[in-house]
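Naming convention: chains lettered A, B, ... in sequence-line order (proteins, then strands); numbering from 1 in each chain. Scope of the values below: all heavy atoms of this structure, side chains included, with no hydrogens, waters or symmetry mates.
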Amino acid sequence: MLRELVRARLAEALDRLGVTGVEPEVSVPERTEHGDFSSNIAFALKSRLGCPPHQLAERILAHLDQGPFSKAEVAGAGFINLFLKPEEIRRALQAILAAGEHFGESGLGRGQRVQVEYGSANPTGPLHLGFGRNVVLGDAIANLLAANGYTVEREYYVNDTGSQVEKFAASLYYFYVQALGREPPFPFPEEGYRGEYVREWARELAAAEGERLLRLPQERALEETKRLGLERVLRTVRADLEKLGIDYDRWFFDSELFIDRDGGPLFAQVMELLRAKGYLKDEAGAVWFKATALGAEKDEVLIRSTGRPGYFASDVAYHYNKFVERGFDRVIDVWGADHQGHVPRMKAMMRAFGLDPERLSILIYQLVTLKRGGEEVRLSKRSGEFVTLRELLDEVGPDAVRYFLLSRSPDAHLEFDLELAKEQSKENPVFYIQYAHTRIAGIFRELRGKPPRWAEVDLEPLQQPEELELIKHLDEFPEVVRDAALHFAPHLLANYAYGLAGLFHIFYDRYRVLDEAPPLARARLALCRATQLVLRKALGLMGVSAPERM
RNA sequence: GCGCCUGUAGCUCAGUGGACAGAGCGACGGACUCCGGAUCCGUAGGCCGGGGGUUCAAAUCCUCCCAGGCGCACCA
C-alpha cells in the first residue's frame, strides 16, 4: 500500500535523524496541490525536539530517500507534502491485480473466534424495518470480520420462552377461536398482538387445525398455539432473511437453556454459579442480580416473584454459554437503541463470571424513522401499525434496502423515506455503484477474446491523472475494510464504494478502453479489472449484488 | 431529573486533530455519430446548534447551555 510506503520512507528519515519510536502519521490531503500524501510529523515532534516545525520538516526532507517521489516539499507551517512518481502508483495497481479476489483482506483477526449475534427479534410477527437495519448491520460486520481473518459465526437468538411469545400465542388463540365463529374463553390479552397478520394467521390456523385446539384443555391449547405460532413466525422470518440474502450458522432457542442435561439445565447451573459467587439476593419474592456490586447503577431482577425468569436472566445464561461453554474469544451483539439500558448489566454480568467485559462488544444502532411522503409512521409491532421488511423488499428490492440501511453510521438516526426509496430508486446511490460495475462488465463482454494475463501487462501507458487517481483510491481499499471492521462501521464501505464508482465513471466518461492501441488498451483493461474486483468485493461485503447487466 | 445517541447546505447524510468544510436529492445551465446517458461538466446554496476552554492547528477533544431521539419495569 502506498501509504505504508510513504510511512516507511519517513520513518527511515527520522531514524537517520536519530528520532526513534515514532510512527509518522501520513494522510491523503484534500487538495491535490498538497501532494498524494502529507505528513504532520514535524508538528508532532515539535514539543519533543523543541524545534520549529518548518525547520524540522526541512531537516526530515534532507534525510528522506526521495526515490519514490517526484516532488517532496515543506508547505504551510511545516507540512511535508509528498508527490509520488507515477510508476510507484502503477506498482500499487500491479499489487492489486496480483492479490486478485483476495485484495482487501487481512489476517488481523488471527483466526480468533467471534460470534456475531444479530436479528434476534421477538418471535411474535414479521420483521419490520427497524430489524432490517439490525440484520443488515450484523451481517455486514460479520462479513467484514471474516475478511479480516476472524473466524466468524452468525447466530440468531429466538426468545421462545418469554412473556411476549405467551402474549402472542394468547392473541393468536383468541383470533383463532373467533375465526371459528366461537366466543373466545378469555378477554383479549392486555397489550396483546392485534395486527392484521395475527388475524390472518389465526384464520390459517383455523383452516389447518379445524376445531382440534378447541377441544384441548386451555393450557394445552395455548401451548399448542404457541408452538404452531412460533413455527409460522419463523417461517416468515426465514423467508424475509432469505430474500435479503442473509444466512445464519445457528439459530439458538432460548428454551435450550432450560433443557435438562448433566448437572441440571444450563439456566439453573448458571444461577447456582452466580449464587455461589455471592451475586444473587432474594428480595420481595424475586431473585436479584447484584449488578451494583459490579459497576452498574441498579440491581436487576433475574427471576420474577412469579417464579419465571426474565429476559435478562436468559441473556445471562445465554452469554455464559457463548463465552464459557462454546469458548468464543469475542462476541458482538447488535441491538437497537431501545436496548441500550441493557448494556451496563451485561457488562456487570461479564465481570460476575470473571470475564473481560471487553470481549463483549455491543453495537447499538439508532432507530429507524420511517416516512411515507412527509409523514412519520410509528413502528410498533404490538399496535400492528408497522411496515414489514418484506413489504419494503418487494417494493424497493434487497440491494437498495441493504445499501440504504448500511449507508449511515450506526450512531446516526436513519430516516427511511418510503416514497423516495420507491420513486427515486434510479437515483439511489446503489445503482450508481452497480452501474459502474456493469459498465466494466460491458467492456469485458465487448472484448470477446481472452483477457490478457494481468501480471504481464505493462501498465506504463497509464499516465492520465484520472487513471492515477483511480489507482490511488483502489489502493486505499484494504484500509477501509480494516477500519470498517474495527469500528463496526459498514457505512465506511458504502461511502468508499460510492467514491470509487464516481472515479470510475469519470475515467470512463473521458477515455476509451478497447478502441485504443493495444498497449494502452491492455493497460486500461487491467485498470478496469482491478476496479471491478474492488467494486465486487465492496458490494459483496455489504451483501449487495454486483450485476453484469442491469 | 439521570444515562446513551444526535445537531454540518432547503432535505437526507459523510467528514472525529490538520492547510480555503463534502456528497446525494432538490433548483438552474451545459456535454455523446463513440466500450450502456442509470453517465459526465458547471452554477447557486454553510458564523459545522450556542458559549467558554485545550492545542501551532477544532466540525472533530474537554466543559457548560439549548434542541431532538431512545432508555431509566418483577417488557423484551
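The neighbour count for E395(A) CD, taken as heavy atoms of other residues, nucleotides or ligands under 6.0 Å away, is above 12. More than 12 heavy atoms of other residues, nucleotides or ligands lie within 6.0 Å of CZ in R351(A), so this atom counts as buried by the packing criterion. Surrounding CD of E33(A) are more than 12 heavy atoms belonging to other residues, nucleotides or ligands, all under 6.0 Å away.
A distance of about 22 Å separates the P atoms of G10(B) and U6(B), rounded to the whole Å. A gap of 13 Å separates the C1' atoms of A14(B) and U60(B), to the nearest Å. For the C1' atoms, the distance linking G17(B) with C61(B) amounts to 8 Å, nearest Å. Nucleotides A73(B) and G68(B), compared at atom C1', are 25 Å apart to the nearest Å. Straight-line distance between the C1' atoms of A38(B) and C56(B): roughly 48 Å, to the nearest whole Å. Of the P atoms belonging to A21(B) and A44(B), the separation is 15 Å, rounded to the nearest Å. Atom name P, nucleotides C40(B) and G3(B): the rounded distance is 47 Å, in whole Å. The same atom, C1', is picked in G30(B) and in C62(B); the two are 49 Å apart, to the nearest Å.
In the interface, the side chain of N40(A) is paired with the base of G18(B) through a donor and an acceptor atom under 3.5 Å apart. In terms of polar N and O atoms assigned as donor or acceptor, the side chain of T438(A) never comes within less than 3.5 Å of the base of A38(B) in a complementary pairing. You won't find any donor-acceptor pair under 3.5 Å spanning the side chain of H339(A) and the base of G71(B), going by distance alone. Side-chain N/O atoms of E446(A) and base N/O atoms of C35(B) include no donor-acceptor pair closer than 3.5 Å. Between the base of G22(B) and the side chain of E30(A) there is no donor-acceptor pair shorter than 3.5 Å. Taking only distance into account, the side chain of S305(A) meets the base of C74(B) through a donor-acceptor pair shorter than 3.5 Å.
Rounded to a whole Å, the CD1 atom of I506(A) is 11 Å from the P atom of A23(B). Protein atom CD1 of I364(A) is 13 Å distant from nucleotide atom P of C4(B), rounded to whole Å. Distance CZ (F507(A)) to P (G36(B)): 14 Å, rounded to an integer number of Å. Counting to the nearest Å, the P atom of G3(B) and the CH2 atom of W335(A) are 21 Å from each other. For the pair R408(A) CZ and U12(B) P, the computed distance is 10 Å after rounding to whole Å. Protein atom CG of L414(A) is 14 Å distant from nucleotide atom C1' of C11(B), rounded to whole Å. A straight line from CG of L514(A) to C1' of C35(B) spans 5 Å, rounded to a whole angstrom. Between the CD atom of E297(A) and the P atom of G1(B) there is a distance of 16 Å, given to the nearest Å.
Pair assignment for A9(B): none, as no Watson-Crick or G-U wobble contacts are both less than 3.5 Å. Across all strands shown, the partner of A31(B) is U39(B), judged by Watson-Crick or G-U wobble contacts whose two distances both fall under 3.5 Å. Nucleotide C48(B) forms no Watson-Crick or G-U wobble pair with any nucleotide shown, as no partner meets the under 3.5 Å limit on both distances. When Watson-Crick and G-U wobble pairs are counted only if both distances are under 3.5 Å, A19(B) pairs with no nucleotide at all.
Both tests do not hold together for R345(A) against F289(A): distance to the six-membered ring centre under 6.0 Å, angle to the ring axis within 45°.
Of the candidates U39(B), C56(B), G15(B), C56(B) carries the atom nearest the F43(A) side chain, counting heavy atoms from C-beta on. Side chain of H491(A), nearest nucleotide from C56(B), G36(B), G15(B): G15(B). Considering only the side chain of S409(A), A14(B) comes nearest among G68(B), C35(B), A14(B). Nearest to the side-chain atoms of Q340(A) among the listed nucleotides G37(B), C56(B), G71(B) stands G71(B). Side chain of Q164(A), nearest nucleotide from G37(B), A76(B), A38(B): A76(B). For Y435(A), whose side chain is taken as the heavy atoms from C-beta onward, the closest listed nucleotide among C75(B), C70(B), G36(B) is G36(B).
A salt bridge links K371(A) with E415(A); the closest basic N to acidic carboxylate O contact falls under 4.0 Å.
By the 4.5 Å heavy-atom criterion applied to side chains, D315(A) and H342(A) are counted as neighbours.
Between Y318(A) and E256(A), the side chains place no donor N or O within less than 3.5 Å of an acceptor N or O (distance only, hydrogens not considered). The closest side-chain donor-acceptor pair between D333(A) and H319(A) falls under 3.5 angstrom.
Using a 4.0 Å heavy-atom criterion, one finds that N81(A) contacts the bases of the nucleic acid, with or without backbone contacts as well.
Where I443(A) and E415(A) meet RNA chain B, the nucleotide closest to each residue was compared, and E415(A) sits on the side nearer the 5' end. Two residues, Q366(A) and A337(A), neighbour RNA chain B, and the one matched to the more 5' nucleotide by heavy-atom proximity is Q366(A).
Phosphate contact (OP1/OP2 of G37(B), side-chain N/O of R439(A), threshold under 4.0 Å): present. A sub-4.0 Å separation between OP1 or OP2 of C40(B) and a side-chain N or O of Y432(A) is present.
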